[in-house]
Amino acid sequence: MAGAPRPHRHNGTVNEAPEPIPVTRAVDCGTAKLLPDVDRPRAWLLTVDGAPQSYVDLDAPAHLEFEYVRRLAHVLDEAAAPGQPLDVLHLGGGALTLPRYLAATRPHSRQDVVEADRGLLALVAEQLPLPGDSGITVHAEDARTALEAAPEDSADVIVADVFGGSRVPAQLTSVEYARAAARVLRPDGCYAANLADSAPFAFLRGQLANFATVFEHLALIAEPSVLRGRRFGNAVLLASRAPLPVAALARRTAGDAFPARVEHGAALRRLIANAAPVRDAEAVASPVPPDGAFSVG
């Protein structure tokens with residue numbers, strides 16, 4: 001990602017502003033790289049071991065580059081009236097794209113971000129610092145441990161986007177984990193998780209079965225090609241004890257650059273079929289993505 005340097009004027013003369021350069025750092029879970037976007041002066045792509053993790057534009061935090069992040073943002077947009085602050089627990093931090101988005105779109109929100117990779121947190125704090133009044137608190141902790149220690153009925157939304165490498169860790173794929181999330185959510189709160197799978201959806205069906213044992217209302221947001229089993233891809237799982245804003249989410253996701261569908265009700269029951277909840281003792285990480293599924297460069 002390289003391009004021509006951007007000129008700036010100083011004392012009546014035009015000087016060449018230094019071009020942002022990539023930053024590479026060994027972190028706890030591999031090698032992290034921050035790659036500048038030459039089309040947006042203060043925008044960066046974060047990768048870990050070649051897999052895209054986050055995209056952040058420091059000048060425009062409401063700009064969301066990744067489609068699955070846009071879908072999670074739609075959930076946050078529909079979680080309350082426009083501009084109303086939310087209490088949100090983020091499991092998985094990356095470069096803090098969604099926390100920055102929520103701080104910009106819902107000022108005075110209270111956000112706790114849990115990220116286990118201390119090296120990654122140090123890199124992000126150094127290179128992509130948060131505004132001082134963001135309302136975002138970052139915790140260097142294990143996601144499951146932090147969730148189980150969180151106060152009861154303390155979150156309007158839990159956003160889970162935790163990947164060890166390119167897989168969701170096994171400790172976040174069990175029915176006990178789903179119950180822990182339900183304890184932390186308020187009665188009308190919403191759980192939203194970024195998952196990845198492909199047909200025949202053994203992992204995804206198990207996750208839906210887990211949350212169906214705890215929550216009355218479920219939905220799944222994904223591109224039609226993923227839902228039809230044509231390719232491996234992201235799927236956003238939603239769970240709540242209150243009705244979900246399915247129609248509003250369907251309108252929002254249909255208008256994205258890569259339109260998605262919102263599956264719920266009978267369609268999800270057919271997908272779950274005879275899948276059984278997965279207990280801690282049998283839980284496994286999400287499937288290994290096929291080569292090239294999430295890599296860049």
Side-chain angles (χ1 to χ4, degrees), residues 1 22 24 26-35 37 44-55 64-72 91-95 97-98 115-117 120 143 159-174 177 192-211 218-238 253 256-263 267-268 270-276 278 282-297:
M1 289 188 175
T24 301
V27 295
D28 300 6
C29 295
T31 300
K33 292 185 179 182
L34 282 171
L35 306 171
D37 183 342
W44 299 82
L45 172 69
L46 169 69
T47 70
V48 177
D49 289 343
Q53 298 289 323
S54 302
Y55 179 99
L64 305 175
E65 192 77 9
F66 295 170
E67 289 300 321
Y68 86 84
V69 177
R70 289 177 59 83
R71 291 164 196 153
L72 289 168
L91 303 178
T97 304
L98 271 178
E115 170 60 59
D117 192 323
L120 182 60
V159 177
D161 188 12
V162 183
F163 281 79
S166 56
R167 306 177 71 187
V168 179
Q171 61 179 347
L172 306 183
T173 69
S174 68
Y177 165 77
N194 175 39
L195 305 174
D197 201 1
S198 61
F201 301 115
F203 172 73
L204 196 54
R205 292 171 63 234
Q207 296 310 292
L208 288 164
N210 287 346
F211 282 86
L218 300 179
L220 196 66
I221 307 173
E223 289 182 37
S225 59
V226 174
L227 293 170
R228 292 173 185 148
R230 294 177 181 170
R231 67 177 183 86
F232 188 96
N234 296 96
V236 171
L237 182 153
L238 305 180
T253 57
D256 284 339
F258 294 91
R261 284 211 320 256
V262 181
E263 298 282 19
L268 276 195
R270 287 193 297 271
L271 179 59
I272 296 171
N274 60 351
V278 181
E282 296 83 37
V284 297
S286 64
V288 177
D291 289 343
F294 296 132
S295 63
V296 294

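Because the structure is a prediction, the values reported are computed rather than measured.
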Side-chain touch [X]/[Y], heavy atoms, less than 4.5 angstrom:
X: Val69; Y: Leu98; result: yes
X: Phe203; Y: Leu195; result: yes
X: Leu238; Y: Leu220; result: no
X: Val262; Y: Thr253; result: yes

By salt bridge (Lys or Arg N to Asp or Glu O under 4.0 Å), which residues pair with [X], not counting sequence neighbours?
X: Asp256; result: Arg70
X: Arg228; result: none
X: Arg205; result: none
X: Glu223; result: Arg71, Arg231

Which residues satisfy the side chain to side chain donor-acceptor pair (under 3.5 Å) test with Glu263, sequence neighbours excluded?
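Partners of Glu263 by the side chain to side chain donor-acceptor pair (under 3.5 Å) criterion, ordered by chain and then number, come out as Arg261.
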Asp161: which residues meet the side chain to side chain donor-acceptor pair (under 3.5 Å) condition with it, sequence neighbours left out?
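In terms of side chain to side chain donor-acceptor pair (under 3.5 Å), with neighbours along the sequence ignored, Asp161 is linked to Tyr68, Asn194.
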How many angstroms lie between atom [atom1] of [X] and atom [atom2] of [Y], to the nearest 0.5 angstrom?
X: Ser225; Y: Phe232; atom1: OG; atom2: CZ; result: 12.5 Å
X: Leu172; Y: Asn210; atom1: CG; atom2: CG; result: 11.5 Å
X: Leu208; Y: Leu237; atom1: CG; atom2: CG; result: 5.0 Å
X: Leu72; Y: Leu64; atom1: CG; atom2: CG; result: 9.5 Å

Heavy-atom pair with the smallest gap, counting every atom of [X] and [Y]:
X: Phe163; Y: Pro169; value: CA-CD, 4.4 Å
X: Leu91; Y: Ala143; value: CD2-O, 4.0 Å
X: Gln207; Y: Thr173; value: NE2-O, 3.0 Å
X: Asn234; Y: Ala222; value: O-CB, 3.7 Å
X: Leu35; Y: Pro22; value: CD2-CB, 3.9 Å
X: Leu45; Y: Pro52; value: CD1-CB, 4.3 Å

Listing, residues 282-290 side-chain donor-acceptor contacts under 3.5 Å, not counting sequence neighbours, or none:
residue: Ser286; atom: OG; partner: Val168; partner atom: N; Å: 2.7

Sequence neighbours left out, what passes side-chain contact (heavy atoms from CB on, under 4.5 Å) with Asp28? Give chain and number order.
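So Asp28 forms a side-chain contact (heavy atoms from CB on, under 4.5 Å) with Asp117, Arg118.
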Partners of Ser54 by side-chain contact (heavy atoms from CB on, under 4.5 Å), sequence neighbours excluded?
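Scan of Ser54 (side-chain contact (heavy atoms from CB on, under 4.5 Å), adjacent residues dropped) gives Leu46, Ala95, Thr97.
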Under the rule for ring pair (Phe, Tyr, Trp, His ring centres under 6.0 Å), what residues qualify as partners of Tyr55, not counting sequence neighbours?
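Partners of Tyr55 under the ring pair (Phe, Tyr, Trp, His ring centres under 6.0 Å) test: His63.
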Using a 3.5 Å distance criterion without hydrogens, assess whether the side chain of Asp197 forms a donor-acceptor pair with backbone atoms of Leu204.
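Checked: pair present.
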Please assess Asp37 against Trp44 for the test side chain to side chain contact (heavy atoms under 4.5 Å, CB included), listing each intermediate value before the final yes or no.
CA-CA 6 Å; Asp37 183 342; Trp44 299 82; over 6 Å; no
